[in-house]
Structure formats: C-alpha cells, structure tokens
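Presented below is the structure to which this report refers.
None of these values were measured; they are calculated from a predicted model. Letters A, B, ... mirror the listed sequences (proteins, then strands); counts begin at 1.
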Amino acid sequence: MTAHPEHLPAVYQPAEVEQRRYEQWVAASYFSPTAFRPGGRGDAQPYCIVIPPPNVTGSLHIGHALDHTVQDALVRRRRMQGYDTLWLPGMDHAGIATQNVVERKLAEEGLSRHDLGREKFVERVWQWKGESGGAILGQMRRLGDSVDWSRERFTMDDGLSRAVLTMFKRLYDDGLIYRAERIINWCPRCLTALSDIEVEHTDDDGELVSIRYGSGDVSVVVATTRAETMLGDTAVAVHPDDDRYRHLIGREVELPLTGRRVPIVADEHVDPSFGSGAVKVTPAHDPNDFEIGQRHGLPSLTIMDERGVITAHGPFEGLDRYEARPAIVAALREEGRIVAEKRPYLHAVGHCSRCKTTVEPRLSLQWFVRVAPLARAAGDAVRDGRVRIEPTELSKRYFSWVDNMHDWCISRQLWWGHRIPVWYGPGGETVCVGPDDSPPTGQGWRQDEDVLDTWFSSALWPFSTLGWPSPTEDLARFYPTSVLVTGYDILFFWVARMMMFGLYAMDGVQPFDVVALHGMVRDQYGKKMSKSFGNVVDPLDWIDRFGADATRFTLARGANPGADVPVSEEWCAGSRNFCNKLWNATRFALLNGASMAGPLPSAAELSTVDRWILSRLTHTIAEIDEQFEAYELAKVCDTLYHFAWDEVCDWYLELVKPVLGDPDSVDADRTRRVLGHVLDQLLRLLHPIVPFVTDELWTALTGGESIVVVAWPVADESYVDDRAEAELAALQGVVTEVRRFRSDQGLKPGQRVAAALDGLAPAGLTAHESLIRSLARLDVPGAGFAATATLALSGGVGVQLDTRGSIDVAAERARLTKDLATTEREVAQCRAKLDNPAFVDKAPEQVVAKIRVRLVDAEADLTRITAALAALTT
RNA sequence: GGGCGCGUAGCUCAGCGGAAGAGCACUCGCCUUACAAGCGAGGGGUCGCUGGUUCGAACCCAGCCGUGCCCACCA
C-alpha cells in the first residue's frame, strides 16, 4: 500500500523543484502554442490575455513579477478549465526610455548619438534591445510564466510597422491626424516634444516678481514666475470688465528693456482678482498666452531655442533660461521696474517624466491626433458596460481623463521609433504613405524627421500582435481579448489609448472585455519602492532564496483589485513555509498510502471526518471560483492558505492518523482515497498561484503527467454536509478546551492523561470519543483512576481527568474566572437585547432566535463555570 | 484649485448593518512517529474624532482631524 515516497525527498528545496519542473515543461514543449492544450481549438472557448510589454532596463522589476504572477494565474486556471488560451507577449518600447538608456550607454563610451548618425544609432539600439530583451525574457521564465514564448516578437518588426503605418494612414485620411503649430511641452534635455501625460507637475519653489510696464498714463503692473519670458511679450491683457484698466484697453504700453510697444487687450481669461489684474502675454512660451494671442491676432515671438537658451537680441542672448531669469530681474531692478518680489513662491512646475528636467512650453510644428471622437467612444465603451474596469471605482479616473482630453501630440524629435510616414514635396506637397504605397521619389522629396510617440504603437497592441491589419485566424478568434491585467499607473498611458485605437481600428469592437487593475508593489511599511530609499526588492533574489513559488504567492497574496501590494522578505519567507507545509503534507499522504485509484466513494460510504473534509473542500472550491472571477487574488490565496493549513493539515491529517495507523480499521482504505482526493484537488486549486511545487507534488502523488493539463476542480454539491461540519466543530471545541486546560496546568504535550468523558451524545460526539482522546491525548481510565480535575465544557460535555496529583488551583481558578467574565458579558448582552421590546419587535425573526439560543447556551455555561469555581474552592 | 481613496491588534491588511478577524511580530510550553521552514496554548483593539439615522453601527449619513494618490495652463 505504500505509494512512491521515493519521488519526494524529505526536504523541500525550491530551487531544485523549480529547475526540474521547468526542464520538464520545456521538454514537453510547454511553451509552444499547442502543448498541453486540452480539447484543441475546435470546441474550446478562446481566452486571451494582454500582457504589458516589460520595460527596457534589462532586469526583472518587481512590478513585472506582480503583473506576470496575476496574469499567469488567470491563464493557468482558464487552461485547466479547458479554454484555448493565448498570451500576447512581446516588447514594445520605441520611446524616450529606450533612447535615453542607449544614449546613457553611449555617453559612458564618450559618444553622443550625433557622433553615430541616425542609421548607426538605430542599429545600436536594436543590438542592445536584443541583448536586454533576451535577458529579461529569461528572467521572466524563472517565474514560471505560461507565456507562449514561441510567439515572441519585438517591436518594429515588419508586422508591427505595417500596423503602425496602416493606423496612421487611416487616421490621417479620416482627418483625425493633423499637423499644426501649437504650444507643446518641450523637454530641453531630451530635445523632444512630450504629450500632456508625460509631464509631471510638482509644487516647486520659485519667485513671483511684479514688474511695472510702461510709464505715465499708460502703466500697468504684471506679475510673473518666469521673468525671462518678458522678452517675448507681445501684449498685456486685462479683464474687459475691470474698471481699473478699462481706459487703457486698446492703448500701447512700453515693454521695459526692449523698448517695444505692445497693445493692452481685453480678455475674459484674465482673473481680475489675481495680483494686479493685468497679465503679460507671451504667446510663444505659454499655452494660455498662446490662446490669448490667437484670439487677438497677436504675433508670437520665440525668444528661446530648443535647449532653453535665450535667442532674443540684447545682452541676454546666449544665456541659459536659468541664468537669464536673475539677469533680467536684476536689469529690471536697476531700471526701477520691480515693484514687488515674492520669494520663495510655491507653484506648480512641469517636469519631463523621464529625466525630470523642467518642461518648457514651446511653440512648434507638431503632429496631433484629434482625440474628441476617439475619446468619446473609449468612454462610452466603459459607460455602456462593454468593458468592465476592475475595481469599478477606478473607472471614475478613467472617465475624468477620457472626457477631458486635449489633442494628443504624437510627434517626437527622437531617432528611435516609427518614423512619421509623411513626405514633403519640393512644391510644398504633403503625402501620407500607407503600408502598400511606395514613397514618392524624385528631387526634393523628403520624409518627416520625427518619430511617433511610443504609446502610438503600444495602443495597437491587442490587435497588432494578433496579426492586424491582416485578417488572421488569431485575430478572428481572440479579438476582443478577454482581460488586460496591469497596474493602475498606466490606466491613462496605455489602457485608455488601447481603448481609443482598438475601437477605432476594429470597427467599434473593444480591445478587451475586462481591465483588471492592481496597485504598485510597496514595502512592508506601505512605502513606495525607490532606489534612493534602498527598499527595492529584486525578484530574482527572492526567487533564488525562497523560490519562484514563494515569490509568486507573496505577490498574489497582496493583490487586491486596485490596491497597492505591500511585500517584505519575512512575508516571502512565510510563503516559502507554506510551500514547505504543502510538501510535508503530501509526503505524509504518500507515506500513508494516499490513493488515487478508483472513483471517490459516495458520501454515504464515508466516515464523518471524511465527509467533513469533503464538505469543506466543496465550499472552498466554490469560494475560490467566485474570488477568481472577481480578480480577488489576495482572497484566493487567503482562502487556500487557511483551508490547506488549518483544515487539511492541522485537523484533517491529525484526525486521520489514528484511522490510517489502525490495521483493523474498516475505513482506512476509503480514507486513503479521500486523502488522495483532497490533496489532488487542493494542489489543483493552488496550481495557478504556485505552479512549480504543485506540479512536483501532484505528479508524485498521482503519477500523472503534469498538473498543468488536468481539469480545474468543480464543486460537487453532493458532498456538502452540514451535519458533519457541525459535529466536527463540536469536536474541535472539546479538543481545544482540553488542550487549553492542559496548557494552563503545565501538562507536557507528550504526557498522556487518563480521563473519563461523558455527555458526548447530545453534541453528537459519541462516535468520536477515540478521536477526541487521540487529539487531546487522553487515555481511557484504567484501574486506580481517580479524577483530580473536572472540566465542564460547553455543549454539556464533561471531562474528568486524573492528573496524577494535585492540580494547579490558582491556574485553574484564573482560567475559570476569565471564562466566567466572558460568559457574563455574553449573558448580559443577550439579555439586554431580548429585554428591549424594540429589538424583539423590529429585528428579523432569525436574528432574535439566534440571540435566544445564544442566551440559553451562555446561561448554561454560566451555571457550569460557577459550579466548577465553587468546587475548586472547597 | 478640483476628483478619488484610506484611517480596525506593534506592522501590513481583511471585514462594510446583527457575537471584533488574518498573516507577521510578541509571551508560555513542546524535537508529540509529514513538517522546529514545525506543533499546542496565550496576551494584545472604547474599529481616527464628534454628532446623526436605526431596535442595533467598525460598517450608512454629516462635519471635523490626519494621511495617501490622481488630475489641473491661475500669471
């Protein structure tokens, strides 16, 4: 009857298990599209998950580990349920991040991109991308991702380029892409335009200086935090209804330093209550001023180049913007123009999200996507329920963004990216080149120098990876994809854009049905992980020390929808301990002949203990399914943790020991079958979260090929057994009470104590006397039995113990006194409720009944404890 | 300046209208024949504050206080 314990070493070694399992999976072509796919495509339901591209740092970030843990868990479960599953993996970072990283590497060699030239630079990025990409994919595999890596692709391969060209052309032809001179966010360090969301605002210390413009009757005071821009002023604006300035509207005022005369205009935008009520207008360097300039036909004077160096004539030419500011303030002061200075002055300043350089609003010619119709569709898809955002609270954030979006600046002055497919002819012609067109040739034609924003191509992800624009089988089968799992931090960057482009390109069909958002990984104190704070976790380090399973369990255990995920090394060690517990439980089962042979006996044939655990298992399966469907990974982990540890290990295995150890037991074989079944099902339920160890244990237990391919457990209602659950609850109560007594009395756990039990029948425990004796280590009273202590337990069970000597009366009195206090409080609470006519009248019947029962029980306990205390003192 | 969220045991968090919970940490006792990466027992909380609704509030409402995040072109 002994199974095959040789398959399980005595000590759980995560690294060995994971290595062995991984090799097994690879050997079985686990990562190929068709491997382990049950059913085949014909009848299976498709399930497709979109996974975010990993970033380009070349190392596995803990955030990716979280993403992949959650995604992989969802896919593994679906696969076990018989779905035809597909991941959409890949790497798509054609943006500033990649360019920055490579530029930094070049700088280490003393080179700049300009030394290489565009062609060579792009080549260089490709080479580096291949290296870091390969590295990161290798690292991800260690997490046990069930990604179909055979479909690996990198950006800017032919397929994606084709998709980008197609999309651009379509939008262009629909009039949704246009080129215009606008104020955009400009990073003077990256030397490129940025979209609104690539700008981070922080409250920074600055200065607010008030400057007097003009003199005599035409004189106004304006305030500014960017004094240097006054060189580019082309007007002063006041509110049309402002009586202080009404007489000046239409007149001209002299600009200090330059001596230029600029008009005073009236504009509704000006807030008369702020400062002096007059505003300097610099159309080329401020978005508001640009608007005002448009409304009043003002010229735009650019006074700064792309690096933030002043280009205006005069003594300030060639100064950096930060040098120019104090220089200009000083010059104004000398002329007596400064009427007030406020320093420090806290105000919001925009920074480049990549390099933190202060962003400079800059007038320039850029490409834009007209987002209004796209954004409306993206909002409606969520509003009308076609796309569900989990958790729903986050959809408010989504709406507020999608409903108030500015046109999207998509051109970047970088070299790494998809180049804008527009050609300019010698006669001023503009041609947008589609994927099947050849670019115009001939003298004077040139392509636009700019490349597209990373998120332009990323927004195509859910369908470009399926082959779009070609009408592929994958596209037909897997679009719309089932779920997108990602952090809420890229709700705007990525999710909303996939929505806009997906709906547009796929004729109104949403890119995914569900967006499951999780939070950021935090440390154990809820702090953000940052390099400077030194609390960054390297997932590979945890994988080495605790195992990929433990790392995954730790991450999944914190993954509540939309909430941040705190992790710490201790918790990861705890997860490893949990895996170890599973290991040992399975070893126990194997050593005790747990069996998978034949059908599971029906409930009627089983002992109460077996029926109890099967009933608990059934409830657990149902609960887990519910939690998975709600993307509540943290609860899945919690439920399984407690079922496995508390119910299976701490109680079921202990309850089953006497049966399995008894050669005469009639139940033993059926129990072995149940034991095998419970572990089998438990391992299946855990497999999505901790794939390696469950596969190792499951194959050892069952001799099967791999747990990866077996069916997901289904709750069998016929095993629900309330009576067995009630009996076991009573049993647990008695055992725990006796243990408490023993502990309080200082009885060694190993010391067996003779005891007589009575009053078992009413609690339904008659049949379980031997189990109670076994768990509480109570011997059957023999000759010379003399009870030295009497325990009267709730439910009317009595235990007389022969402790072979006097008991510790003080300890016992303390214990009973405490119980008495608890019970008295209980009685008082119940009475108070029942004595309140309003409660009895208005509360639901069952609630009142419940309180009545509680009162009866509590009163019985009260009598019992009082008697015991009295007996103790005599 | 708007919007969202959170304040429950030392720490991180569940619970969201009918007896205050988990993990870790802590105390005590144990190498009890799967597991010391373990077993058994225990201590610890007027559920941020103040009012209100209700027979009943950690849970619903209002106002405060504290805290975090997102959005924002107030010079």
All stems that RNA chain B takes part in, i.e. 3 or more consecutive Watson-Crick or G-U pairs with distances under 3.5 Å, are B:1-7 with B:65-71, B:10-13 with B:21-24, B:26-30 with B:38-42, B:48-52 with B:60-64
Scanning both residues in full, the closest heavy-atom pair of A/Val565 with A/Gly558 reads CG2-O, 3.6 Å
By salt bridge (charged side-chain N to carboxylate O under 4.0 Å, His left out), A/Glu200 pairs with (sequence neighbours left out) A/Lys356
### Message
Any side-chain N or O of A/Lys527 below 4.0 angstrom from OP1/OP2 of B/rU12?
### Response
no
So side chain to side chain donor-acceptor pair (under 3.5 Å) across residues 266-282 of chain A, not counting sequence neighbours, yields A/Thr229-A/Lys280, A/Asp233-A/Lys280, A/Asp233-A/Thr282, A/Asp267-A/Arg295, A/Asp267-A/His296, A/Asp271-A/Ser273, A/Lys280-A/Thr282
Comparing nearest nucleotides in RNA chain B, the 5'-proximal residue of the pair A/Gly750, A/His642 is A/His642
With sequence neighbours left out, the residues meeting side chain to side chain contact (heavy atoms under 4.5 Å, CB included) with A/Asp203 are A/Leu346, A/Ala348
Legend entry - Separation between the P atoms of B/rA25 and B/rU12, rounded to whole Å: 16 Å
Give the ring-plane orientation class for A/Trp645 versus A/Phe578, where under 30° counts as parallel, over 60° as perpendicular and anything between as tilted. parallel
Residues 844-858 of chain A vs side chain to side chain donor-acceptor pair (under 3.5 Å), sequence neighbours excluded, gives A/Glu826-A/Arg854
Between B/rG15 and B/rC47, how many Å separate the two C1' atoms, rounded to a whole number? 10 Å
5' to 3', nucleotides 33-42 of chain B under a 4.0 Å protein heavy-atom cut-off (B base, S sugar-phosphate only, - none) gives -BB-BSSBSS
Applying side chain to side chain contact (heavy atoms under 4.5 Å, CB included) to A/Glu626 and not counting sequence neighbours gives none
Sorted by chain and residue number, the side chain to side chain contact (heavy atoms under 4.5 Å, CB included) partners of A/Val281 (sequence neighbours excluded) come out as A/Ala235, A/Ala237, A/Pro283, A/Asp289, A/Ile292, A/Leu298
When A/Asp646 and A/Lys842 are each assigned the nearest nucleotide of RNA chain B, the 5'-most assignment goes to A/Asp646
For A/Glu824, the salt bridge (charged side-chain N to carboxylate O under 4.0 Å, His left out) test, sequence neighbours excluded, returns none
Check your understanding: So, the side chain of A/Asp523 versus the backbone of A/Met529: is there a donor-acceptor pair under 3.5 Å, distance only?
Key -> no
ask   = Within the structure shown, what part of the strands sits under 4.0 Å from A/Pro837 by heavy-atom distance: base, sugar-phosphate, or nothing?
value = nothing
Atom P, compared across B/rA14 and B/rC60: separation rounded to whole Å: 14 Å
Quiz item: Taking the same atom, C1', in B/rG3 and in B/rC26, what whole-Å distance lies between them?
Solution: 42 Å
Sorted by chain and residue number, the salt bridge (charged side-chain N to carboxylate O under 4.0 Å, His left out) partners of A/Asp646 (sequence neighbours excluded) come out as none
message = Any base atoms under 4.0 Å from A/Gln751, or only sugar-phosphate, or nothing? Heavy atoms, all strands.
response = nothing
Correct closest heavy-atom pair for A/Leu701 and A/Ala589 would be CD1-CB, 4.5 Å
Could you run down the sub-3.5 Å N/O contacts of the protein with nucleotides 6-11 of chain B?
| residue | atom | partner | partner atom | Å |
| --- | --- | --- | --- | --- |
| B/rC11 | O2' | A/Gln524 | O | 3.3 |

Open item on the list: Check A/Glu360 with A/Arg362, please: is the shortest side-chain N to carboxylate O separation under 4.0 Å?
Closed with: no
Determine the interatomic distance between P on B/rC31 and the same-named atom on B/rA36; round to the nearest Å. 13 Å
Nucleotide by nucleotide, nucleotides 70-75 of chain B touches protein heavy atoms under 4.0 Å in the pattern (B base, S sugar-phosphate only, - none) SS-BBB
